[in-house]
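Please read the structure below before turning to the comments.
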Amino acid sequence: MSQKNPCFFFLLVAILLLLPGSTRAQDTTDLDSLYNRAQMSSPREMVAVFDALQERYLALDQEQAIHFARQGLKQTEKGSPLSRVLANRNMAFVYGKFGFKEEALRHFQRALATAKENQGEEMGLGLAYFHLGQFLSQQGLLSEGLQHILDASKIFESLQLYNYVTLCHYESCMISYSARNYQQCIDEGYRLLQYHDRVGETESSRADYFQKMSTCNTIALAHRQMRQYAAALRYYDQAEALARKINDEFWIGLINGNKAVVLRDMGRTEEAKAGVLADYRVSQKFSMWSSAGMAALTMSDIYLTQGNYPLANAYLDSAHLMFSRQHDVVESRKNMASYWLAWSRLKSVEGAYGPAYDGLLKHVKLRDSLSHEQEALNLAKVNVAFDLDRKQTEIALLTKNNEIQEERIRSQNILFIVTLMGLILLVVLVILLVNNFRRQRNISRLIRQQRDEIEIKNSELEAQSAMLQENNQYIQTLNTQLEMKVVERTRQLALSNQELDTFLYRSSHDIRRPITTLLGLDQVARHIVNDPQANMLFDKVVETARNMDSMLFKMQMMYELNKPDLPLEPIHLNPLVEEAVQYFQNDFRRFGITNHLSVHADITILSNVGLLRIIFRNLIENAVLFRKTQPGVTPFIDVNIMQIGDHVEIHVADNGMGVEEKYQARLFDLYFRASQASKGNGLGLYLVNKAIHKLKGTITLISDYGIGTTFTIHLPLAQPNSAN
């Protein structure tokens, strides 16, 4: 039966979408059937059904849309938590479309509250966070909206719903750019592109290519704002290649126009011309008059710089023509302000100072007018946000009063029922007391008999107790002698362990000297011999020496980790991580590994430098050892460090072999190796785990076999016993 349900759901959705003119009674019957069947579908099928219903609602007029959305919400009152979350979300979208922002916010928040009240409904919680974050960011509350979308991303990632994860990173990228937080915009866009790289081109749809293209364009815009022109050009090239792959002519022209601005800023004027012209022609073709006019202004500015005044005037006239076709009044005034500034500059260069001054006055007048309107608009946004919050509070108070009234009525009903039940219980209690009195009298007689027997047993037990006391004294004497022997042998064992640790530390330190010398002799020998076959032997010698050096370094780590008291000091994480990455540069070059280090701020942590070196070196070494070696695959290592509250969060991610799920629980055990292909000794991750616990931190693992691994570490900024 469960296999037939999905087909039935989508058939009903198709009927609803193909019959926009059906009567309300018929629509209600179809909706009742659809909601009843939807309760038995899987979560993903249910989301698809509610998405189709949302499109149906938004295609109707205001009265019908609100009616059907309310009907759907009523149908899910006794349904699954996910259906209630989705019904509230659809209700919010309908209210938002018709301008009822307070009601829209209330239903978005109700969807989130429903998901939180039902633990285990992770998919509904992720969707509720995502849509509420979208709504808040659209109202200008960018910080709150971004936080909700990041929360949704974590939930979808734990559920391995990567299509929603990419959508969250896309929204985060766009919100960060709107908030002028360009570095976070770049980081979010970089993460989204990583997820697209994991999926691969064979599984990508046109929508995926469009999302990736738009992301590359936004990353390039952010780099341009930060004056990082080389990076901006690189991402513009990627965006243009994707636009050509999906054959989107408008975006090809738009990207070339954006790229031309960077080329002009870099002084590459001739290259910029071609891009601006492409943008100019495509914008005219698609009737994007504002974009075409701005492209014409850019061409005029280029020719003015080159001293070609006729062409500068021609493009300036073309810009005026394009702006006059713009239907948006505010946008048209902004464009005309730019036009009069360019016109004034051109007339000034030509020596017509009177017209130049008049044009500048017109520019200033339009600019001041737009500035005042923008201030009024900002004030209106603040008032809307305040009214939204006030009305939401009023709705919450009204709902609370209704709940109090309902609770009062329920309390009166309960009081009547309790009184009636009390009378019944009183009668039953009297009957039970009479029966209990008779039973207690019989029990008392039996107790007297048993008491006499107990007194006899007590006499026997007292005699046995005396014998036990004598035996206990003898045993205590033996225990005292045994404890003395244990203390002595423990002391001897501790001395032996200390001597062994000291021996291992000094031996490993002494052995590392000739290994360092051997590596240096390798460099000298390569210059002297210059034989390919000999160089192959030298490579094997270097590889063996580095493996020995790594093993001896880990022996030294074991000694450091066994110290009872470790000194703590303020440590800057950025140079420490760069040192760890630099240590493996030869391996990165040798194996073609790309690496990305992202430290969001100059983070200082009160910790132990030796233990932090253990953590970073072993995690990076682990990523190098278990990289992918298939042809055509570029291995990468991504180290991302950020401060969250009073903790530091560290992510070390790679696209290596990954770890099978059955081995993940034992990955941090001593001498454990999860793969027969492993060249390690099973000490690295054990030492990492031990060092993190020494620093009062935690480490978690997310790994997909064949795709990659991400280690997440949380370390306190200050140790608990060092807070002062």
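Along the sequence shown, residues carry numbers from 1.
- S598 places a side-chain heavy atom less than 4.5 Å from the side chain of D187.
- Every residue two or more places apart in sequence or in another chain that forms a salt bridge (charged side-chain N to carboxylate O under 4.0 Å, His left out) with R268 is listed here: E271.
- Only one option out of T710, T712, D638, N640 pairs with H651 in a side-chain hydrogen bond (donor to acceptor under 3.5 Å, both in side chains); it is T712.
- In this structure, the side chain to side chain contact (heavy atoms under 4.5 Å, CB included) partners of N655, at least two apart in sequence or on a different chain, are V633, P635, F636.
- Residue Y209 holds its OH atom at 14.0 Å from CG of N247, rounded to the nearest 0.5 Å.
- For the pair D587/I593, no side-chain contact is recorded, criterion being any heavy-atom separation below 4.5 Å from C-beta on.
- The heavy-atom pair separating M299 from V276 by the smallest distance is CG-CG1, 3.3 Å.
- Considering CD of E649 and CD1 of I644, their distance stands at 3.5 Å, rounded to 0.5 Å.
- Shown here are the side chain to side chain contact (heavy atoms under 4.5 Å, CB included) partners of Q585, two or more places apart in sequence or in another chain: V581, Q582, F588, R589, N595.
- Contacts of E579 classified as salt bridge (charged side-chain N to carboxylate O under 4.0 Å, His left out), with partners at least two apart in sequence or in another chain: R613.
- Summarising the geometry, atom OG belonging to S324 is positioned 9.5 Å from atom CH2 belonging to W289; distances are rounded to the nearest 0.5 Å.
- For Y229, there are no ring pair (Phe, Tyr, Trp, His ring centres under 6.0 Å) partners, not counting sequence neighbours.
- Judged by distance alone, the side chain of S344 and the main-chain N or O of L341 form no donor-acceptor pair under 3.5 Å.
- The shortest distance between side-chain heavy atoms of V648 and L717 falls below 4.5 Å.
- Rounded to the nearest 0.5 Å, atoms CZ (F616) and CG (L611) are 11.5 Å apart.
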**OP:** Test I615 against I650 for side-chain contact (heavy atoms from CB on, under 4.5 Å), laying out the working first.
**Re:** CA-CA 11 Å; I615 294 169; I650 303 167; 6.0 Å; no

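- In terms of modelled atom types and a separation under 3.5 Å, the side chain of R627 and the main chain of V624 share a donor-acceptor contact.
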Subject >> Test log, rule side-chain contact (heavy atoms from CB on, under 4.5 Å), inputs D279 and S291 >> reply: CA-CA 8 Å; D279 186 16; S291 178; 3.5 Å; yes

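- Closest approach of S703 to T709, counting heavy atoms only: OG-OG1, 2.9 Å.
- Remark: the backbone N or O of G133 is paired with a side-chain donor or acceptor of S137 at under 3.5 angstrom.
- Formation of a donor-acceptor pair under 3.5 Å by the S300 side chain with backbone atoms of A296 is not found in this model.
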Original post:
Would L715 and S607 count as a side-chain contact (heavy atoms from CB on, under 4.5 Å) if you check the C-alpha gap in whole Å, the side-chain angles of each, and the deciding distance to 0.1 Å?
Top reply: CA-CA 9 Å; L715 295 175; S607 187; 5.7 Å; no

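- Scanning all heavy atoms of the two residues, the minimum distance from G684 to N618 falls at CA-OD1, 3.3 Å.
- T298 places a side-chain N or O within 3.5 Å of a backbone atom of M294 that can act as its donor or acceptor partner.
- D248 places a side-chain N or O within donor-acceptor distance of the main-chain N or O of W251, the cut-off being under 3.5 Å.
- Under the side chain to side chain contact (heavy atoms under 4.5 Å, CB included) criterion, E661 pairs with Q664, sequence neighbours left out.
- Distance check: N574 CG to I641 CD1 gives 7.5 Å after rounding to the nearest 0.5 Å.
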**OP:** Given salt bridge (Lys or Arg N to Asp or Glu O under 4.0 Å), test E188 with R191 step by step and report yes or no.
**Re:** CA-CA 5 Å; E188 290 295 328; R191 292 190 182 94; 3.4 Å; yes

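- Two residues are said to be in side-chain contact when any heavy atoms from C-beta on lie closer than 4.5 Å; H320 and M336 meet this criterion.
- Residues satisfying the salt bridge (charged side-chain N to carboxylate O under 4.0 Å, His left out) criterion with E249, sequence neighbours excluded, are K285.
- Using a 30° and 60° split on the angle between ring planes, F108 and F93 fall in the perpendicular class, above 60°.
- Qualifying side chain to side chain donor-acceptor pair (under 3.5 Å) partners for Y190, counting only residues two or more places apart in sequence or in other chains: Q194.
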Table please: side-chain donor-acceptor pairs of residues 254-266 below 3.5 Å, with sequence neighbours left out.
from	atom 1	to	atom 2	distance (Å)
N256	ND2	E240	OE2	3.4
N256	ND2	I252	O	2.7
N258	ND2	N217	OD1	3.3
K259	NZ	D237	OD1	2.6
D265	OD2	R224	NE	3.2
D265	OD2	R224	NH2	2.8

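- Of all heavy-atom pairs spanning A152 and F130, the tightest one is CB-N, 3.7 Å.
- Between L573 and L612 there is a side-chain heavy-atom pair separated by less than 4.5 Å.
- By the ring pair (Phe, Tyr, Trp, His ring centres under 6.0 Å) test, F711 is found to be paired with no residue, residues two or more places apart in sequence or in another chain being considered.
- G706 and K628 get closest at one heavy-atom pair: O-NZ, 2.8 Å.
- Here the side chains of H572 and D602 are in contact, with some heavy-atom distance below 4.5 Å.
- Partners of V47 by side chain to side chain contact (heavy atoms under 4.5 Å, CB included), not counting sequence neighbours, listed by chain and number: D51, L86, M123, L127, Y164.
- Counting only distance, with no hydrogens or angles, the side chain of D301 and the backbone of L297 share no donor-acceptor pair below 3.5 Å.
- Side chains of L619 and V639 form no contact here, defined as non-hydrogen atoms less than 4.5 Å apart.
- Distance check: T215 OG1 to K212 NZ gives 9.5 Å after rounding to the nearest 0.5 Å.
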Show me, pair by pair, the donor-acceptor contacts under 3.5 angstrom made by side chains of residues 170-177, not counting sequence neighbours?
from	atom 1	to	atom 2	distance (Å)
Y170	OH	S214	OG	2.9
E171	OE2	Q134	NE2	3.2
S172	OG	C168	O	2.9
S176	OG	S172	O	2.8

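- Minimum interatomic distance between T634 and G592 (heavy atoms only, all atoms of both residues): CG2-O, 4.0 Å.
- Residues H223 and L233 form no side-chain contact, since every pair of their non-hydrogen atoms from C-beta on lies 4.5 Å or further apart.
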